Peer 1: 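Below are the structure tokens for one structure; questions will follow.
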There are 2 protein chains.
Amino acid sequence: MSENAPGDPKGRPGIKAVAALAGVGIASVSRVLSGQPGSSPQLTQRVLDAARALGYTPNALAQGLRRRATRSIGFVVSDITNPLIASIVGGAESVLSVAGFSVLLTNSGGVPSIDAERIEVLMQRQVDGLILLPALEDDAATLAALRNVKSPIVVIDRSFPDDIPAHYVLSDHYQGIGAAARHLLESGHRRLGLVVGRDVRPTRERIRAMQDAFDSLGLKRDLIVHRGTLSPEHGKAALEEMLAQKRPPSAIVLGGNQLLEGALSAVHRRGLKLGVDLSLVSCDDVPLCRFHQPAIATVMRDASLLGARAAQLLLAHIEAPGEPETVSLPTWFELRESCGAAPVTSANASG
Amino acid sequence: MSENAPGDPKGRPGIKAVAALAGVGIASVSRVLSGQPGSSPQLTQRVLDAARALGYTPNALAQGLRRRATRSIGFVVSDITNPLIASIVGGAESVLSVAGFSVLLTNSGGVPSIDAERIEVLMQRQVDGLILLPALEDDAATLAALRNVKSPIVVIDRSFPDDIPAHYVLSDHYQGIGAAARHLLESGHRRLGLVVGRDVRPTRERIRAMQDAFDSLGLKRDLIVHRGTLSPEHGKAALEEMLAQKRPPSAIVLGGNQLLEGALSAVHRRGLKLGVDLSLVSCDDVPLCRFHQPAIATVMRDASLLGARAAQLLLAHIEAPGEPETVSLPTWFELRESCGAAPVTSANASG
DNA sequence: TTGAAAGCGCTACCAT
DNA sequence: ATGGTAGCGCTTTCAA
């Protein structure tokens with residue numbers, strides 16, 4: 001007489017319905033469908049048939065509650081609209097979904113307080129791990145939220161204080177920017193500009209790489225660093241300001257793909273010819289870099305891989321928690337026509 | 001003696017712990033924290049204090065199981081890497097998160113079988129609704145999966161058979177493409193090219209708009225349609241092929257932002273001057289459109305709004321299920337230098 | 001106003 | 001090999 005078993009909210013059959021139809025115990029249904037051994041072929045078949053007949057699908061909420069694991073992860077990004085970040089998310093998602101994990105995506109829009117709040121929400125939802133790509137590294141609320149997280153955390157391209165037990169997947173910006181800077185110096189440029197965003201790891205690495213490039217070639221450090229946000233507006237303002245100086249840099253490196261649009265506005269407005277009047281290097285290859293004329297030299301990296309490795313690292317530590325790990329991924333300089341020899345001006349006069 | 005109450009997997013306190021600390025019943029804790037009326041100020045205070053002291057956070061899994069609602073939605077996209085789609089997701093996410101909903105994002109990579117599978121997964125996870133932006137409109141497995149969905153579904157820029165009870169948020173491609181086509185015809189072009197992707201609603205609307213443009217100006221329809229995928233490769237192939245014809249079109253419209261890169265390759269390879277030798281219109285404004293020289297005329301739309309409206313529509317129908325609804329959002333033509341008068345050739349000879 | 005208890009759908013333990 | 005049952009953390013009657 002137990003032929004009723006509504007199941008889910010929306011009227012989907014539950015495990016009881018399957019058990020009833022198959023004429024077996026509910027525990028057996030669970031065992032069979034979870035692929036656990038120790039069921040006779042007959043029983044297995046009956047369960048499978050009943051499940052198929054009913055279109056039964058386990059309720060992941062109940063499973064998660066019971067198993068204390070949801071096979072879901074939280075992904076916190078500052079701006080999904082940034083093509084670089086979208087690619088990172090894409091790379092991670094494909095690894096995770098293949099592993100049977102779902103991704104809870106949240107976009108903080110670069111507002112730190114939102115980061116913190118979203119981390120709380122994700123923990124309430126019992127995600128098994130977290131991947132973070134936040135705007136800042138030192139937001140107190142975010143760090144506090146992170147300290148309460150008991151699950152593995154993987155941070156991409158950012159660096160948190162040591163007391164945050166996170167794993168890292170970092171781009172080796174030093175390498176690519178260093179190569180770019182050395183190329184510029186070897187082309188005769190003596191005064192370089194660098195436009196960067198907030199004070200996060202990539203910014204620090206880029207500055208260091210630029211400075212070291214001067215050192216490594218035995219040149220006097222002559223670097224103008226313009227800090228701001230990684231927005232087109234900042235790109236434009238930074239270039240306007242640098243180029244308006246009495247002794248403007250003859251080559252400029254942009255530390256973020258969103259800066260390029262603004263930078264190009266400024267360049268066009270002034271009627272400068274890239275590769276001739278000014279050499280320009282951008283970061284992170286976007287279509288605009290390749291199809292601009294002249295093409296924009298770029299410090300490249302594989303964004304999708306960044307996400308994929310982050311996902312792998314996270315999965316590994318969800319499986320078997322372990323010591324903090326750091327993965328470093330390469331960046332490299334791709335020379336294009338936007339870089340040319342330094343114009344012979346006072347700033348680049350042989351000294 | 002019931003001072004133990006482990007709570008969560010990762011040792012987070014549960015509702016029992018709060019009840020114990022506050023010296024009240026577990027039901028009261030639930031009532032207070034859910035903001036339900038009918039608790040004395042004292043009790044309320046004690047519960048709040050205890051919850052704060054313990055850093056208590058409700059387990060969303062248990063809540064969802066009990067309430068039969070998760071305040072989460074599933075978002076299925078074909079390619080998160082496409083900046084247009086990323087913006088749509090961003091627009092939706094911000095509306096949803098403000099409403100307290102989380103987003104389960106899955107990326108099918110354009111493989112229909114994956115769409116179907118992911119929809120199943122999302123339903124297992126008991127999402128309260130679905131937003132879809134699939135590659136195809138007629139994949140049998142996807143449609144079958146959708147028919148089993150009991151929650152509201154919002155489809156963006158696609159059109160499913162009537163038996164799928166979905167709501168729609170559609171871009172009015174007809175309008176923008178029509179304006180572009182009329183502009184081209186009025187500039188003297190008589191033979192137009194159109195590059196489109198698979199047979200989905202935007203593709204059909206674009207073709208129809210182009211054809212109608214000829215009609216509305218009393219001109220003979222002279223349109224070459226090139227179908228393929230919305231990839232850069234297809235963009236290049238399509239242009240190569242069209243331009244190699246004995247009587248090539250003097251103006252070409254690209255029905256997707258990813259086509260542009262390939263199209264530009266072809267144009268550059270042939271040494272054509274856009275706006276002079278060939279007029280070109282693209283769809284969906286990306287930085288490349290604006291910063292290419294000459295700038296590429298574009299049929300624009302507000303991607304973020306598309307996502308936001310989809311989210312609003314979904315939330316409305318989660319709150320109060322209702323009749324199928326369709327929202328239409330505008331597109332418009334932005335003229336830029338890539339469009340010029342038709343060259344005087346046999347193809348455009350006055351007739 | 002408050003709390004005990006049932007039960008959401010499932011897994012895992014423990015009998016049988 | 002199989003199934004009954006406890007219980008995951010919570011909400012929601014229902015009684016007190």
Side-chain angles (χ1 to χ4, degrees), chain A residues 2 4-47 50-51 54-71 123-126 128, chain B residues 2 4-47 50-51 54-71 123-126 128:
Chain A
S2 61
N4 73 322
D8 250 54
K10 282 96 184 183
R12 292 163 69 108
I15 198 172
K16 291 176 155 159
V18 178
L21 180 59
V24 303
I26 150 180
S28 295
V29 176
S30 174
R31 233 182 287 118
V32 169
L33 296 180
S34 307
Q36 292 176 38
S39 295
S40 69
Q42 304 92 305
L43 189 150
T44 301
Q45 198 52 52
R46 300 182 53 167
V47 168
L54 265 43
Y56 170 75
T57 288
N59 182 323
L61 251 37
Q63 287 183 318
L65 185 59
R66 193 46 244 243
R67 290 181 170 156
R68 298 169 168 283
T70 56
R71 295 189 85 76
M123 295 323 295
Q124 289 189 208
R125 291 193 184 272
Q126 314 300 123
D128 295 339
Chain B
S2 61
N4 71 322
D8 252 54
K10 281 94 183 187
R12 292 163 68 112
I15 198 173
K16 292 176 154 159
V18 178
L21 180 59
V24 303
I26 151 180
S28 296
V29 176
S30 174
R31 233 181 288 117
V32 169
L33 296 180
S34 307
Q36 293 176 37
S39 295
S40 69
Q42 304 92 304
L43 189 151
T44 302
Q45 197 53 52
R46 300 181 55 168
V47 169
L54 265 42
Y56 170 75
T57 288
N59 181 324
L61 251 39
Q63 287 184 319
L65 186 58
R66 198 38 246 244
R67 291 182 169 155
R68 298 170 167 284
T70 55
R71 294 190 84 77
M123 294 323 296
Q124 289 189 206
R125 292 193 183 272
Q126 315 298 126
D128 295 338

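Proteins get letters first, then strands, A, B, ... in listed order; numbering begins at 1 in each. The structure displayed is predicted, hence computed values, not measured ones.
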Peer 1: How many Å lie between CD1 on Ile15(A) and P on dG7(C), as a whole number?
Peer 2: 18 Å

Peer 1: Of Val18(A), Thr44(A), Val47(A), which is the lone residue that meets side-chain contact (heavy atoms from CB on, under 4.5 Å) with Val24(A)?
Peer 2: Val47(A)

Peer 1: Do Arg125(B) and Thr70(B) make a side-chain contact, defined as non-hydrogen atoms from C-beta onward lying under 4.5 Å apart?
Peer 2: no

Peer 1: In this structure, how many angstroms lie between the P atom of dT11(D) and the CG atom of Leu61(B), rounded?
Peer 2: 12 Å

Peer 1: Counting side-chain heavy atoms from CB outward, which of dC8(C), dG3(D), dC10(D) is closest to Val24(A)?
Peer 2: dG3(D)

Peer 1: Between atom CZ in Arg12(B) and atom C1' in dC10(D), what is the gap in whole Å?
Peer 2: 15 Å

Peer 1: In whole angstrom, give the distance that lies between atom CG of Leu65(A) and atom C1' of dG7(D).
Peer 2: 9 Å

Peer 1: Looking at Arg67(A), I'd like to know whether one of its side-chain N or O atoms comes within less than 4.0 Å of OP1 or OP2 on dT11(C).
Peer 2: yes

Peer 1: Tell me the interatomic distance from Arg66(A), atom CZ, to dC13(C), atom P, rounded to whole angstroms.
Peer 2: 8 Å

Peer 1: Return the value, rounded to whole Å, for the distance between atom CD1 of Ile26(A) and atom P of dC13(C).
Peer 2: 16 Å

Peer 1: What side-chain donor-acceptor pairs closer than 3.5 Å can you find for residues 28-41 of chain A, not counting sequence neighbours?
Peer 2:
residue	atom	partner	partner atom	Å
Ser34(A)	OG	Ser30(A)	O	2.6
Ser40(A)	OG	Leu43(A)	N	3.1

Peer 1: Taking NZ from Lys16(B) and C1' from dG3(C), how many angstroms apart are they, rounded to a whole number?
Peer 2: 15 Å

Peer 1: Counting just side-chain N and O atoms, does Gln63(B) come under 4.0 Å of either OP1 or OP2 of dT11(D)?
Peer 2: yes

Peer 1: Check whether any side-chain heavy atom of Arg71(B) sits under 4.5 Å from a side-chain heavy atom of Gln63(B), and report yes or no.
Peer 2: no

Peer 1: Give the residues of residues 27-45 of chain B touching DNA chain D, defined as any heavy atom closer than 4.0 Å, sorted by residue number.
Peer 2: Ala27(B), Ser30(B), Ser34(B), Gln36(B)

Peer 1: List the residues meeting side-chain hydrogen bond (donor to acceptor under 3.5 Å, both in side chains) with Arg66(B), not counting sequence neighbours, and say none if there are none.
Peer 2: none

Peer 1: Please find the pair of heavy atoms, one from Leu61(B) and one from Leu65(A), that lie closest to each other, and give the distance.
Peer 2: CD2-N, 3.7 Å

